[in-house]
Amino acid sequence: MSARNPAVALLLAAFWLAPAAEAQFETRSSFYLGPQSPYSMVVGDFNRDGIPDLAVPGTSGGNVEILLGNGDGTFRHGSTYAVATAFHAATASLRRNGILDLVIAGADTDDIYVLLGNGDGTFQPPSAYPTTAESRMVILGSFTGSGNIDVLNLEGVSTQGAVCNCVEALPGNGDGTFGAPVTTPVPYNIDGSAMGAADFNGDGKEDVAVGGGFLGANQVDILLGNGDGTFSADGYYPLGATPSSVTPGYFTSDVTKADLAISNGGAVSILLGNGDGTFQQAANYTATNAEWVTAQDLNGDGKVDLAVANSGEVLKESAAADVLYGNGDGTFQPEVVYPIPGRVTAYYVAASDLNNDGKPDLAVVDFLGQHVFTLLNTGAATFSPTAPLSFEKQLLGTTSSPITTTITNNGTTEMAFSSVECSGAPFHVTGNTCAGNLAPGAQCSITSDYTAKATGLASGTITITDSASSKPQFIELVGQGTTLGISPDKLLFPAQKVGTQSQSRTIHLTNVGGATITFDYPIGVFGLDNQDFPQSNNCGLSLGPKASCMITIMFAPQRKGSSSAYIEMEDNSGVIPQYVPLSGRGE
């Protein structure tokens with residue numbers, strides 16, 4: 001199944017103009033997972049073809065979905081494994097044979113699960129290893145001094161109600177099996193919610209930072225590794241909100257001192273390491289709706305940057321991948337927002353070269369919408385907008401207004417265009433100045449439109465071959481066609497005295513198609529102020545070919561101030577649902 005077919009959610013695109021930077025990320029594809037409700041994912045080459053794949057654990061249904069990479073930033077379905085409800089997973093070659101295995105954090109059982117890889121993208125059935133309580137997160141590393149890969153498990157409450165609130169190290173045997181857990185309580189009276197591991201004090205032993213909160217106190221605890229699977233408390237650092245991720249990295253030029261980036265609420269907190277297990281107090285950077293932070297050099301300047309999963313606000317704000325570009329001295333530039341169009345809830349972001357062009361890309365999981373979104377790194381070619389071009393719904397046989405994409409050469413050398421091609425029969429390139437060479441700092445534009453030739457969702461691409469990337473770059477195109485004509489498509493009533501009723505206004509519905517339109521339920525007015533807009537109609541539950549009907553609306557405000565509502569129609573005309581906004585003001 002190709003992932004270059006955006007979901008209907010992409011029709012609600014919000015276009016942002018990102019500030020100039022040496023790298024830019026553009027939403028290119030979405031992949032529907034099914035009823036997974038994913039909270040995170042794991043990136044790895046599970047079938048050893050040199051192309052990154054994904055393992056996506058689900059919080060709904062208890063499945064782990066394997067998505068195999070196609071090498072262009074899209075994915076296809078692999079295998080699905082029934083394991084347990086899980087928020088997090090991790091991958092490594094547990095048997096040190098070059099084949100990646102999976103460890104799943106069981107969130108509804110007192111177990112972790114190990115799936116040994118076969119090297120072809122499939123895995124053996126899961127094996128359960130008991131833990132004291134339900135798992136909140138697992139990470140892999142060397143915590144017991146054996147030289148094998150161990151599992152470190154952050155735990156909360158057991159399925160039997162016992163409270164652990166601990167980290168447990170499960171010693172690896174080197175063959176993909178694990179021993180009994182070694183337990184260390186999370187200190188300083190917090191409930192652990194996230195963790196990250198690195199050598200914080202330079203003694204060659206893995207340490208762990210655990211973020212959490214309790215009764216309004218939010219902080220990150222430092223636990224220094226003893227080398228035997230146990231840890232010793234070594235202080236804590238206050239934070240502004242409960243952490244959702246703890247990410248170690250090296251944010252200065254001193255690679256002997258591990259630092260921390262912690263997502264908490266609307267900020268990313270940076271704690272610079274002193275190299276002895278202690279840290280400087282947190283410096284906070286605005287990161288809208290921050291859920292997860294990933295540290296990697298995204299623009300190729302040798303400085304570590306931060307990619308943040310911006311969850312958005314359901315029905316209010318588009319989710320996004322936010323990037324804070326690093327200055328190389330432990331400080332970061334203000335966030336740059338790369339939106340993911342639609343009603344998306346982004347809880348996790350991973351960075352990997354998904355299209356094999358030598359530049360790291362971003363993959364984001366959508367919890368409520370159950371998708372994986374790919375944002376490809378366009379390098380020196382800066383696109384505006386960065387989101388797919390989403391055309392307004394079009395009546396069958398009509399053509400949309402044109403939309404223009406601007407490309408800026410954000411590099412230091414000329415960029416050469418060799419071709420611009422459009423695929424997808426309903427879409428057309430109507431203007432193109434992106435030909436030949438583009439000087440540094442210069443801009444060119446590509447304009448396209450959409451003609452509704454069939455009802456329902458339509459998608460296409462504009463493929464651009466240029467010297468900014470070793471692979472073709474794409475502009476995603478999304479449109480929807482309908483046979484239901486609505487005129488007018490919104491009503492704004494003049495101010496009306498409270499307790500009186502306006503003159504009636506009429507909305508005409510016309511079926512321009514050759515098949516009957518059926519309505520799922522009677523047409524009505526919905527919304528908070530629906531009582532202010534009485535209506536009647538002669539439409540019934542069906543509208544025959546070439547037939548019309550009318551909806552009569554009045555405005556009868558019951559209070560002073562603005563009123564708003566909408567007429568909603570769910571039908572088989574190609575766009576589900578369709579709305580007619582209604583507004584007025586009572587005086």
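Below, all heavy atoms of this structure are taken into account, side chains as well, without hydrogens, waters or symmetry copies. Because the structure is predicted, anything quoted here is derived from the model rather than measured.
The backbone N or O of F383 lies less than 3.5 Å from a partner atom in the side chain of Q24, making a donor-acceptor pair. For the pair K393 (side chain) and T482 (backbone), a donor-acceptor distance under 3.5 Å is absent. At least one donor-acceptor pair under 3.5 Å links the side chain of Y237 to the backbone N or O of F279. Using modelled atom types, one side-chain atom of D361 and one backbone atom of N377 make a donor-acceptor pair closer than 3.5 Å. Not a single donor-acceptor pair under 3.5 Å links the side chain of N355 to the backbone N or O of G73. No donor-acceptor pair under 3.5 Å is formed between the side chain of T404 and the backbone N or O of T447. Checked by atom type and distance alone, the side chain of N437 never pairs as donor or acceptor with a backbone atom of E414 at under 3.5 Å. Side-chain N or O atoms of T433 include one that pairs as donor or acceptor with a backbone N or O of S445 at under 3.5 Å. Remark: side-chain polar atoms of D259 are paired, donor with acceptor, to backbone N or O of F251 under 3.5 angstrom. At distances below 3.5 Å, not a single donor-acceptor pair connects side-chain atoms of N310 with backbone N or O atoms of A290.
In this structure, E26 CD and T378 OG1 are separated by 6.5 Å, a value rounded to the nearest 0.5 Å. Distance CG/L154 to CZ/F87: 12.5 Å, rounded to 0.5 Å. Separating the CG atom in N432 from the CD atom in E421 is a distance of 11.0 Å, to the nearest 0.5 Å. Between S79 atom OG and E65 atom CD the span is 8.5 Å, to the nearest 0.5 Å. Of the inter-residue distances, the one linking T451 atom OG1 with L396 atom CG reads 10.5 Å to the nearest 0.5 angstrom. For the atom pair CZ (F474) and CG (D72), the distance works out to 6.5 Å, reported to the nearest 0.5 Å.
Shown here for D353 and K359, the closest heavy-atom pair between the two residues is OD1-O, 3.2 Å. Here the closest non-hydrogen pair linking D207 and F200 is OD2-N, 2.6 Å. Summarising the geometry of F46 relative to D53, their closest heavy-atom pair is N-OD2, 2.8 Å, with the distance given to 0.1 Å. Summarising the geometry of P238 relative to Q281, their closest heavy-atom pair is CD-OE1, 3.7 Å, with the distance given to 0.1 Å. In plain terms, the two heavy atoms of P248 and G196 that are nearest each other are CG-C, 3.9 Å. Contact detail for P52 and N356: the closest heavy-atom pair is CD-OD1, 4.4 Å.
Side chains of T461 and F427 form no contact here, defined as non-hydrogen atoms less than 4.5 Å apart. With contacts defined as side-chain heavy-atom distances shorter than 4.5 Å, the pair Q370/S37 qualifies. The shortest distance between side-chain heavy atoms of E335 and T286 falls below 4.5 Å. At least one side-chain heavy atom of L477 sits less than 4.5 Å from a side-chain heavy atom of I462. Inter-residue side-chain proximity for V293 and L324 is flagged as unmet; no heavy-atom pair is nearer than 4.5 Å. S352 has its side chain out of reach of Q296: every pair of non-hydrogen atoms, C-beta onward, lies at least 4.5 Å apart. Counting heavy atoms from C-beta outward, P243 and V220 have side chains that stay 4.5 Å or more apart. Put simply, the side chain of V43 reaches to within 4.5 Å of the side chain of L54, judged on heavy atoms.
Heavy-atom neighbours of E392 CD from other residues, nucleotides or ligands within 6.0 Å: at or below the threshold of 12.
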Checking I464 against F417 for the side chain to side chain contact (heavy atoms under 4.5 Å, CB included) test, could you report, in this order, the C-alpha distance in whole Å, the side-chain angles of both residues, the deciding distance, and whether it holds?
CA-CA 8 Å; I464 305 161; F417 291 92; 3.7 Å; yes

Steps toward side chain to side chain contact (heavy atoms under 4.5 Å, CB included) verdict (D203, L224)
CA-CA 10 Å; D203 64 355; L224 298 182; over 6 Å; no

How far apart are the C-alpha atoms of Y250 and K257, what are their side-chain angles, what is the distance that settles it, and do they pass the side chain to side chain contact (heavy atoms under 4.5 Å, CB included) test?
CA-CA 7 Å; Y250 297 92; K257 299 177 181 179; 5.6 Å; no

Test N70 against I51 for side chain to side chain contact (heavy atoms under 4.5 Å, CB included), laying out the working first.
CA-CA 7 Å; N70 295 318; I51 299 171; over 6 Å; no

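The residue from L100, D150, L102, I149 that alone fulfils the side chain to side chain contact (heavy atoms under 4.5 Å, CB included) condition with L94 is I149. Residue L152 is tested with L140, I139, V138 for a side chain to side chain contact (heavy atoms under 4.5 Å, CB included); the sole match is I139.
For the residue pair T465/S419, the side-chain donor-acceptor check at 3.5 Å is satisfied. There is a side-chain donor-acceptor pair under 3.5 Å between T345 and D366. Side chains of S269 and N264: a donor on one and an acceptor on the other come within 3.5 Å. No donor-acceptor contact under 3.5 angstrom links the side chains of T252 and D254, judged on distance only. Side-chain N/O atoms of T242 and N218 include a donor and acceptor closer than 3.5 Å. When only modelled atom types and interatomic distance are considered, S244 and S263 share a side-chain donor-acceptor pair under 3.5 Å.
Using bins of under 30°, 30° to 60° and over 60° for the plane-to-plane angle, the ring pair H371/Y32 lands in the tilted bin. By the 30° and 60° cut-offs, the orientation of the rings of Y450 relative to F391 is tilted.
The pair R95-D101 counts as a salt bridge, with a side-chain nitrogen and a carboxylate oxygen less than 4.0 angstrom apart.
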